[in-house]
S.K.: 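I have a structure I would like to understand better, so I am pasting it below and will then ask my questions one at a time.
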Amino acid sequence: MGERELIGPPLERAFFDRPSYEVAPDLLGRVIVHGPVAVRLTEVEAYGKPGEDPASHTYRGRTERNSVMFGEPGHLYVYFTYGMHFCANLVCMPEGVGSAVLMRAGEVVDGFAVARSRRTGAAASADAKRVVPDRDLARGPARLAVTLGLARLHNGFDCCSDGPIRVFEGSPADPGVIRAGPRTGVSAGAETPWRFWIDGDPTVSPYRAHVRRTRR
DNA sequence: ATCGGGATTTCCT
DNA sequence: GGAAATCCCGATC
């Protein structure tokens with residue numbers, strides 16, 4: 001506790017109203033809060049506009065799933081993948097342009113008790129005795145979503161209005177410690193270096209190159 | 001430390 | 001039909 005005084009004012013909508021590859025590195029060191037839990041972002045990935053970024057969910061245009069990405073910037077885009085995981089993005093660019101930043105990893109800075117129970121509770125019910133190290137609480141996009149209590153219900157949530165989910169100024173990462181590289185788990189557009197992370201931070205997820213899975 | 005298999009929905013070809 | 005912006009666990013080195 002006691003961290004809340006250090007995270008500054010919430011980011012305004014204009015922060016998100018620009019290209020995702022500019023927003024992404026600027027999000028490093030910012031603090032996203034949902035209720036009692038606060039997470040300092042240490043790793044993010046940018047996803048670009050329709051027709052321009054083959055790795056983006058919006059590449060082939062608007063669908064029911066990705067429609068939030070075409071809406072007002074500063075809202076959450078939460079999607080379900082691999083049959084079991086949720087991942088959370090912050091929508092970028094003006095209304096009508098489908099683009100977002102995926103929050104891949106962070107450091108829990110407040111609300112540890114709730115964060116831990118979310119991670120060892122329902123979602124991972126198989127082993128209640130499992131002890132999750134602090135640094136693994138939000139290490140990886142699906143883990144970050146669980147720790148922050150984000151799921152399908154929060155798709156479309158506006159983080160730039162008064163409400164339980166906000167992104168705060170925090171302490172922007174010094175440009176000298178920001179690294180950029182290929183996005184994780186992406187096959188199409190793998191060459192675009194739109195993954196950004198804080199160099200040496202223990203909460204950054206291990207990089208995994210895309211591997212094609214074969215069935216049985 | 002690293003590897004590989006399984007869980008299981010949504011989207012697109 | 002099959003890949004996908006993933007994670008967990010057990011086996012093995």
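Each chain gets a letter, A, B and so on, in the order the sequences are listed, and its residues count up from 1.
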S.K.: Please state whether the phosphate of dT6(C), meaning OP1 or OP2, lies under 4.0 angstrom from any side-chain nitrogen or oxygen of Arg104(A).
M.R.: yes
S.K.: Would one find a side-chain N or O of Arg139(A) under 4.0 angstrom from OP1 or OP2 of dC7(C)?
M.R.: no
S.K.: Would you indicate which nucleotide in dA4(C), dC7(C), dT10(B) comes nearest to any side-chain atom of Arg152(A)?
M.R.: dT10(B)
S.K.: Once you round it to whole Å, what is the distance between C1' of dA5(C) and CZ of Arg60(A)?
M.R.: 14 Å
S.K.: Could you summarise the pairing of DNA chain B as dot-bracket text, marking Watson-Crick and G-U pairs under 3.5 Å with ( ) or [ ] inside the strand and | across strands?
M.R.: |||||||.||||.
S.K.: Within 45° of the axis and under 6.0 Å from the centre of the six-membered ring of Phe80(A), does NZ or CZ of Arg152(A) qualify?
M.R.: yes
S.K.: If I take atom CZ in residue Phe86(A) and atom P in nucleotide dT10(B), what distance separates them, rounded to the nearest angstrom?
M.R.: 9 Å
S.K.: What is the ring orientation for Trp194(A) with Tyr21(A), classed by angle as parallel under 30°, tilted 30 to 60°, or perpendicular over 60°?
M.R.: parallel
S.K.: On DNA chain B, check which nucleotide each of His85(A) and Asn66(A) is closest to and give me the residue with the more 5' one.
M.R.: His85(A)
S.K.: From CE of Met84(A) over to P of dC9(C), roughly how many Å is that when rounded to an integer?
M.R.: 12 Å
S.K.: So which residues get pulled into Val97(A)'s cluster when ILVMFWY side chains under 4.5 Å apart are joined, directly or through others?
M.R.: Met93(A)
S.K.: Let me know the distance between CE of Met103(A) and C1' of dT6(C), rounded to the nearest Å.
M.R.: 16 Å
S.K.: Are Arg13(A) and Phe15(A) in a cation-pi setup, meaning NZ or CZ lies under 6.0 angstrom from the ring centre and within 45 degrees of the ring axis?
M.R.: no
S.K.: Step through it carefully: locate the ring centre of His75(A), locate the ring centre of Phe157(A), and say whether they are under 6.0 Å apart.
M.R.: no
S.K.: Should the pair Asp134(A)-Arg139(A) be classified as a salt bridge under the 4.0 Å nitrogen-to-oxygen rule?
M.R.: no
S.K.: Among pairs that include at least one residue of residues 96-115 of chain A, which meet ring pair (Phe, Tyr, Trp, His ring centres under 6.0 Å), considering only residues two or more places apart or in two chains?
M.R.: none
S.K.: If you look at every strand shown and take non-hydrogen atoms under 4.0 Å, does Ala142(A) touch a base, only sugar-phosphate, or nothing?
M.R.: sugar-phosphate
S.K.: If you check every side-chain atom of Arg119(A), which of dC8(C), dT6(C), dA5(C) has the closest atom?
M.R.: dC8(C)
S.K.: Once you round it to whole Å, what is the distance between P of dT6(C) and CZ of Arg195(A)?
M.R.: 11 Å
S.K.: Does dT6(C) have its OP1 or OP2 closer than 4.0 Å to a side-chain nitrogen or oxygen of Arg183(A)?
M.R.: no
S.K.: Calculate the interatomic distance between Tyr79(A) atom OH and dT8(B) atom C1'; express it in whole Å.
M.R.: 16 Å
S.K.: If you only use heavy atoms from C-beta on, which nucleotide in dT10(B), dC12(B), dA4(C) is closest to the side chain of Thr63(A)?
M.R.: dC12(B)
S.K.: Just the rounded figure in Å: distance from P of dA5(C) to CG of Asp53(A).
M.R.: 11 Å
S.K.: Between dA3(C) atom P and His57(A) atom NE2, what is the distance in whole Å?
M.R.: 16 Å
S.K.: Using a heavy-atom cut-off of 4.0 Å across all strands, would you classify Ser56(A) as base, sugar-phosphate, or nothing?
M.R.: nothing
